[in-house]
A.B. asks: 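This is the structure, below, for whatever I ask next.
So you know, we letter chains A, B, ... as the sequences are listed, proteins then strands, and number each from 1. Note that the structure is a prediction, hence the values are computed from the model and not measured.
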Amino acid sequence: MERRPLLGDEAVALGAIHAGLSGAYSYPGTPATEIFEFVHAQVHKGPPATEGGVHARWSANEKVAFEEALGMSYAGRRALVSFKHVGLNVAADPFMNSSVSGITGGLVVASADDPGMHSSQNEQDSRYYAHFALIPAFEPCTGQEAYDMTREAFDVSERFGVPVMLRLVTRLAHSRSGVELSAPRAVNPLAPTKNPTAWTLLPSNARKGYALLTSKQAEILKWSESSRFNQLKLNPKGGRIGVIASGIGFNYFLENYHNGAEIPSYVKVGAYPIPRALVEKLIDAVDEVILLEDGYPFIEGMLSGLLGSPRGKKIHGRLDGTVPRTGELNPDIVRAALGMPAIERQTPPDVPVPNRPPRLCDGCPHIDSYTILRMVMDVFPQTRVFSDIGCYTLGAYPPYEAAHSCIDMGASISMAMGAAQAGMRPVVATIGDSTFMHSGMTPLAGAVDQNLPMTVVILDNATTAMTGGQDTMATGSRLLNVVKGLGVNPEHIHVLEAHRKHHEANLEIIKREVAYEGLSVIIPTRECVVTAKK
Amino acid sequence: METNIILAGVGGQGIVSISFVIDMAAIWQGLQFKQAEVHGMSQRGGAVSSHLRISDSTVHSDLVPKGAAQIVLSVEPVESLRYVDYLSPTGTLVAGTDPFVNIPDYPEVDKILDGIATLPSHTLVAADRLARQAGSGRAQNMVLLGAASPYLGLKIELLERGIREAFAAKGEKIQKTNIDAFHSGIAAGEAYRACLKAGMASRQARALVGRIVGGKLAPEAVPMWKDLFAQPVGAGILEVLTSQTAGKIQGSVEIPAAIAAADAGAREQLPALLFKA
């Protein structure tokens, strides 16, 4: 069959399409963005889902994406939801409940973790979520596995009647390699569930659903233990040390033996629940086990649990310091964990190499907004600016230093509310147009209700810039109508053009509204310079 | 056969295009590859790197282990220095000499380049000048790909095909600019290494080769230039080349021959002799 160079993300997308996908749902977020983008690029010229094609439109947020996918599954068709790891937090409510309700058409959740926090606020490990929801999960180590596992995930989902997770990490999501493709299969016909009761999680139904879910666990474990993606290889000569490597950790493990050195006994984990039978056989065959997991010590924690040494065997990994407790794995860290000496290398010349952090682009509209905010802060020295997730978070760096918080999508407005309630003055929140539509509308409705003394600055650059310029739900006049519709007093809503030439006038308006003892909304508007060039 | 490459630069300098071309050439040559790209936040004018591995057998790790890279290929000089510890003792560093200054504490460029010149194997090319000569400053990345091409283990015609494919959507003119930039990189890389081999100092070699038309320096001209730089007039030549921003030098033997024939003390004549069309 055809061999194509694909990113890990693209392999997931194509695997889903070839598995008979009818709907792709997502909100942009690194490192998952390219999954949806690739599906969209492949299908947007094709027929709609109603005629055998694939629906592919960005959703307002991850919760909405997940629920749209649930509706597609309810109708009997296959759906893929993809987002970055923290997106699963947003979607956690439908996610957790969907394993209790069960699904109809195959539902696969691709959650892309970011060990090392290349572009994220934390490095949470999605495998805990799969464990939490009692559903199977796959963890690919190559683009080929990403493709094959995604295809298989739909089968597993339909076989057990639960959503299935595909757990990715940044390094695989953005690793390009040759992938062999197999023949696509047809989509599911429209065949809505015959059992709407299961989908109606009234307590009486939910108890039955949860009992059914728990009753499937033994069978799901059996499936995992016999999955081709889990492998036990015992070194016939024995050996003291064994290795358990999951996902991309397996690549770094093999890398250190590719010069022909003898490979110790190992278990490769690519499918969850953790294949207990394989792990048991390994533990019985060796004295010590080294865990190689890119992410949290998930398997390690399960193994060593509260009391340490299962069957008297030593467990090494992130918890005992054999592998660093935090951060992304790489072949060098794994090499050290395996007790091998470092590879000989060149020494950098004795020249200072300064850091080069990301920054706002030249001509970026946020620069004008932040320049003004900086001036406002000089007038009101106590000002705290609650910020949010997007390019504008870079305003935390010099020379602006005009962002004093960044927690999660939408938190700028809700945190500003709490700070205003506590008595902080003046309080300013900055949030982008896309983030506002994702999670900013609901807190703003609350701020209106309480008429809290705070200023919300919605930086409207007409795009989701940080992730590469995806469309926003509402920008320009639509965005303004949303703000008005939420009940903000029109006298305290100002749309400004974020440009140097309006600097003085803009500064006056913002100064006045920041001083106002009530809710105001400022919308500086100018298109992102990167998307404007496209 | 296994070639491990670290590609480096600043977000927006075309690292992705370099890796695309190498990936495609590797596929056409029937090789396995893995390439770890950088997406997301750091692309906003920050330091970016990409790990690229080509092999005739299975590639395991998506990342190059430290000490296992044969090549560090960087569009920007400071960025190249971040990855020296990835180089094997026999590895080589290929970098552009043009700084991308978007940070307040950017070091003095000559200090960086002199630091690079202390490495056991390296190539420096004035990618910006050569790219502009080829038609666009944006083609710096292809100049560097050319300069690094002898170390890649890939056929030149496949790399060319990869370049054409990478810029297929942009039309024939842009394709040609990038192919020309690639070839001037090949020439300038060869010329720079030939100058060092002949015994010239890196400062002399990079100042000279950076001005040579299309990077093409005739092999017979190399020892002549080397001799000129060893004489008193050499200091004058270096001063003209580093202080005067405009001017191209023909790569043939006539220019060094004319300078050698002229009165060695005639410093004022040097610009006219050097930049003679």
A.B. asks: Once you round to the nearest 0.5 Å, how far does OG of B:Ser61 lie from NE2 of A:His258?
C.D. replies: 9.5 Å
A.B. asks: For A:Glu344, does the CD atom have more than 12 heavy-atom neighbours from other residues, nucleotides or ligands under 6.0 Å away?
C.D. replies: no
A.B. asks: Evaluate side chain to side chain contact (heavy atoms under 4.5 Å, CB included) for B:Leu52 paired with A:Arg176, printing each intermediate quantity in order.
C.D. replies: CA-CA 9 Å; B:Leu52 218 164; A:Arg176 200 178 289 279; over 6 Å; no
A.B. asks: Does any backbone or side-chain atom of B:Glu108 lie under 4.5 Å from a heavy atom of chain A? Answer side chain, backbone, both or neither.
C.D. replies: neither
A.B. asks: Checking side chain to side chain contact (heavy atoms under 4.5 Å, CB included) for the pair B:His60/A:Tyr257: CA distance, chi angles, key distance, verdict?
C.D. replies: CA-CA 10 Å; B:His60 293 296; A:Tyr257 295 92; over 6 Å; no
A.B. asks: Quick one: which of A:Asn330, A:Leu329, A:Asn251, A:Ile248 gives a side-chain contact (heavy atoms from CB on, under 4.5 Å) with B:Leu63?
C.D. replies: A:Asn330
A.B. asks: With salt bridge (Lys or Arg N to Asp or Glu O under 4.0 Å) as the test, would you mind laying out the steps for A:Arg171 and B:Glu37 before giving the verdict?
C.D. replies: CA-CA 8 Å; A:Arg171 209 46 82 171; B:Glu37 296 179 4; over 6 Å; no
A.B. asks: So, does A:Gln346 use its side chain to make a donor-acceptor pair with the main chain of B:Gly67 at under 3.5 Å?
C.D. replies: no
A.B. asks: So for A:Cys364, is it side chain, backbone, both, or neither that comes closer than 4.5 Å to the heavy atoms of chain B?
C.D. replies: neither
A.B. asks: Flag the pair B:Pro65 / A:Glu255 as yes when at least one side-chain heavy-atom distance between them is below 4.5 Å, and no otherwise.
C.D. replies: yes
A.B. asks: Going by residue number, which parts of residues 72-87 of chain B are within reach of chain A, meaning a heavy-atom gap below 4.5 Å?
C.D. replies: B:Glu76, B:Val78, B:Glu79, B:Leu81, B:Arg82, B:Val84, B:Asp85, B:Leu87
A.B. asks: Is there a side chain to side chain contact (heavy atoms under 4.5 Å, CB included) between A:Arg356 and B:Phe100? Walk through the geometry before answering.
C.D. replies: CA-CA 10 Å; A:Arg356 197 190 299 261; B:Phe100 190 101; 3.8 Å; yes
A.B. asks: Is it the side chain or the backbone of B:Asp114 that comes within 4.5 Å of chain A heavy atoms, both, or neither?
C.D. replies: neither
A.B. asks: How long is the gap from CG on A:Asp332 to NZ on B:Lys66, to the nearest 0.5 Å?
C.D. replies: 6.0 Å
A.B. asks: Using a cut-off of under 4.5 Å on heavy-atom pairs, state which of A:Ala342, A:Ala173, A:Pro354 scores highest against chain B.
C.D. replies: A:Pro354
A.B. asks: Name, in order of residue number, those residues of residues 20-30 of chain B that have a heavy atom at a distance of less than 4.5 Å from a heavy atom in chain A; otherwise write 'none'.
C.D. replies: B:Asp23, B:Met24, B:Ile27
A.B. asks: Tell me, side chain or backbone of B:Val64 under 4.5 Å from chain A's heavy atoms, or both, or neither?
C.D. replies: backbone
A.B. asks: Let me know if B:Ser88 has heavy atoms under 4.5 Å from chain A in its side chain, its backbone, both or neither.
C.D. replies: backbone
A.B. asks: Most heavy-atom pairs under 4.5 angstrom with chain B, which of A:Thr347, A:Asp350, A:Leu360, A:Asn355?
C.D. replies: A:Asn355
A.B. asks: In terms of heavy-atom proximity below 4.5 Å to chain A, should B:Ile103 be classed as side chain, backbone, both, or neither?
C.D. replies: side chain
A.B. asks: Tell me which of these, A:Pro31, A:Pro349, A:Gly8, A:Gly29, has more heavy-atom pairs under 4.5 Å with chain B than the rest.
C.D. replies: A:Pro349
A.B. asks: Could you have a look at B:Pro89, B:Ser50, B:Gly115 and say which one has the most heavy-atom pairs with chain A under 4.5 angstrom?
C.D. replies: B:Pro89
